[in-house]
Q: 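Okay, handing you the structure first.
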2 protein chains.
Amino acid sequence: MATVRSHAEHEPVPKTAEDPRDRILLAAGQEFAEHGYEAATVRDICLAAGVNVAAVNYYFGDKRRLYIESVKHAHEARVKQVPLPDWPPGTPAAQRLHDFVANMLERMLGFSQPPWQVRLMMREVLHPTDACRELVEDYIRPHFAVLVAILDDLAGHTLAEPELRRIALSIIGQCFLYRAAGDVVAMLVPADELASLHTPPQLAAHVTRYALAALGVGRPLPGKERIP
Amino acid sequence: MATVRSHAEHEPVPKTAEDPRDRILLAAGQEFAEHGYEAATVRDICLAAGVNVAAVNYYFGDKRRLYIESVKHAHEARVKQVPLPDWPPGTPAAQRLHDFVANMLERMLGFSQPPWQVRLMMREVLHPTDACRELVEDYIRPHFAVLVAILDDLAGHTLAEPELRRIALSIIGQCFLYRAAGDVVAMLVPADELASLHTPPQLAAHVTRYALAALGVGRPLPGKERIP
DNA sequence: AGTTGATTGAAACGCCTGTTTGAAACAGGC
DNA sequence: GCCTGTTTCAAACAGGCGTTTCAATCAACT
């Protein structure tokens, strides 16, 4: 629950002579991502940023505006960090679906390490604030449209848009669970299984196979064939 | 001194809303669900419960223990409120899968309206605290086991446990998305479509069909609904 | 009645919060 | 040097927080 705040939780942001404004933005993003808006304190943020408490109000006015700015900052950084694949024309839809899912999982779970930017955005998704609408329009909706287009190709343009959207949400939901409820998933699945099967690449393969089978494009899930 | 409640057996059966302890528990659950642990205040809780501020510490010791108790209380209430179906022996696995999904969606989204108990539990799932492990063991894991067993039947016992668990998580993830990220879903889907297709019964049919198709038990998605 | 122990109540205690203050430090142009 | 504008700093502010105190109240038993 972490009501007691450890003040040494994050090492102070390196004072590499950057703009104090940027240092605050960076520290604030990490702090907000970790503790949420209410529980994060401007004192901890300033401590991590290596600036005086007054700096937040000097540069951003108040805590709320600092929060909004840091969400936008994080979101822009993350978009540049993990862009969508750029498929050459003629790439099979199944391949594109797999790449898309792998990309989404990579962005959410992170091959390298769970990035604080995603945590911050996840908070917005789960409990929207003013910054959320911008996030959806600039970042989520375009990705959603790409996925719908892939599914449309995959189904041979036989399904209506609403049905495509439902399938798209089914795919997103599967990835989303691991990001949002990862701790609970870890409690439900044996540790060794978690380490071997619930990694981004394995999950991408599973989700893709699941979708292809459901669409009748691939075979049913592994193993024996069944009589309908 | 923190006096623990002496003996529940000697009191003349608490008249539901008259027991201060229960009133606090009720108010606390709603307040925690709405604002989260950190942002909820014991003063607001006591105001809503119509008791003195000191009552929280008198009955529960401190805020944290009140929180844990209220989570457990809400969880127990919700389980009794929407219990799992009790299938007669011989019920087809496909039927049971549909019922299970419908039950889960009903519990999460609420046929009537999203109850505060679910919000409270969702907070625990998304950002686990001490109360989470208990929640998983008492409530989530048994449900998870039921789903896995259904899928095992459905696959004709041809799939290994880890694979069954992955499929189960895929199903849960689809329901979970609507509960946890419902606001964003509402932004991505046209309003009329949301009202007609993204209702608990419609979603239950979709998720079930999706799973059956993936398992090769039903036809691929373009087909018609198989479950009554 | 009187005594006892469990509950309640209003007020206060520290502590921590976001924010403000006013002076000090710094820069660059004259 | 002086002046001017921007940036930093320690300190303080007012308010809210969880928690504690202690006297008052209540219910039940002797």
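All values reported here derive from a predicted model rather than from experimental measurement. Just so it is clear: chains get the letters A, B, ... in the order the sequence lines come, proteins before strands, and each one is counted from 1.
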Q: Are OP1 or OP2 of D:dT7 and a side-chain N or O of A:Y59 less than 4.0 angstrom apart?
A: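 Checking A:Y59 against D:dT7: no side-chain N or O falls below 4.0 Å of OP1 or OP2.
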Q: Applying a 4.0 Å non-hydrogen cut-off, can you work out what A:F60 is touching in the nucleic acid: base, sugar-phosphate, or nothing?
A: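 Contact class for A:F60: none.
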Q: Ignoring hydrogens and geometry, is there a side-chain-to-backbone donor-acceptor pair from B:R123 to B:A33 under 3.5 Å?
A: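 Here the side-chain-to-backbone pair exists.
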Q: Donor-acceptor pairs are to be reported for all side-chain atoms of residues 44-55 of chain B against protein atoms at under 3.5 Å, with residues two or more places apart or in another chain.
A:
from  : atom 1 : to    : atom 2 : distance (Å)
B:D44 : OD2    : B:T41 : OG1    : 3.3
B:N52 : OD1    : B:A54 : N      : 3.0

Q: Which helical stems does DNA chain D take part in, if a stem means at least 3 consecutive Watson-Crick or G-U pairs with both distances below 3.5 Å?
A: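 Detected stem regions: C:1-30 with D:1-30.
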Q: With the threshold set at 4.0 Å, does a side-chain nitrogen-carboxylate oxygen contact exist between B:R165 and B:E161?
A: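 Salt bridge: yes.
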Q: Quick one: does any side-chain atom of B:N103 pair with a main-chain N or O of B:P83 as donor and acceptor, under 3.5 Å?
A: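 It does hold such a pair.
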Q: Choose from D:dT19, C:dT8, D:dT8 the nucleotide whose nearest atom is closest to any side-chain atom of B:N57.
A: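 Looking only at side-chain atoms, B:N57 lies closest to D:dT19.
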Q: Determine whether B:V56 and B:K63 satisfy the following criterion, side-chain contact (heavy atoms from CB on, under 4.5 Å), listing intermediate values before the conclusion.
A: CA-CA 7 Å; B:V56 155; B:K63 184 187 181 185; 5.5 Å; no
Q: Does B:E124 use its side chain to pair, donor to acceptor, with the backbone of B:T129 at less than 3.5 Å?
A: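 Yes, the answer is positive, given that a donor and an acceptor are paired below the 3.5 Å cut-off.
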Q: Without decimals, in angstroms, what is the distance between B:I45 CD1 and D:dC17 P?
A: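 Checked: the CD1 to P distance equals 11 Å.
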Q: With sugar-phosphate meaning primed atoms plus P, OP1 and OP2, does B:A39 contact a base, only sugar-phosphate, or nothing at under 4.0 Å between heavy atoms?
A: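 Counting heavy atoms under 4.0 Å across all strands, no contact is made by B:A39.
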Q: Rounding to an integer number of Å, can you tell me how far B:Y58 OH sits from D:dC22 C1'?
A: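 Taking atom C1' of D:dC22 as the reference, OH of B:Y58 is at 14 Å.
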Q: Between B:D19 (CG) and C:dA6 (P), how many Å, whole number?
A: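 Going from CG in B:D19 over to P in C:dA6 covers 16 Å.
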Q: Between atom CD1 in B:I24 and atom P in D:dG18, what is the gap in whole Å?
A: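 About 14 Å, once rounded to whole Å.
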Q: Looking at A:R65 and A:E69, is any side-chain nitrogen of the basic one under 4.0 Å from a carboxylate oxygen of the acidic one?
A: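 Result for this pair is no, no salt bridge flagged.
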Q: Tell me, please, which residues at least two apart from A:E38 pass side chain to side chain contact (heavy atoms under 4.5 Å, CB included).
A: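 Expected list: B:A39.
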Q: Starting from P on C:dT8, measure out to CZ on B:R21 and report it in whole angstrom.
A: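 Those two atoms, CZ and P, are 12 Å apart.
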Q: Step through it carefully: locate the ring centre of B:F60, locate the ring centre of B:Y67, and say whether they are under 6.0 Å apart.
A: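 That pair fails the under 6.0 Å test.
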Q: Of all of residues 61-73 of chain A, which get a heavy atom below 4.0 angstrom from DNA chain D, listed by number?
A: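 Listed by number, there are none.
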Q: Show me the protein contacts with nucleotides 9-16 of chain D, counting only N or O atoms at under 3.5 Å.
A:
from   : atom 1 : to    : atom 2 : distance (Å)
D:dA10 : N7     : A:N52 : ND2    : 3.3
D:dA12 : N6     : A:R43 : NH2    : 3.3

Q: Roughly, in whole Å, what's the span from CG in A:L47 to P in D:dT8?
A: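 Checked: the CG to P distance equals 16 Å.
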Q: Side chain to side chain donor-acceptor pair (under 3.5 Å): which pairs involve residues 139-152 of chain B, sequence neighbours left out?
A: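 Of all non-adjacent pairs touching residues 139-152 of chain B, those that pass side chain to side chain donor-acceptor pair (under 3.5 Å) are B:R107-B:H143, B:E137-B:R141, B:D152-B:H157.
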Q: Using atom types as modelled and distance alone, determine if a side-chain donor or acceptor of B:R96 lies under 3.5 Å from a backbone N or O of B:I150.
A: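 Judged by distance alone, no pair lies under 3.5 Å.
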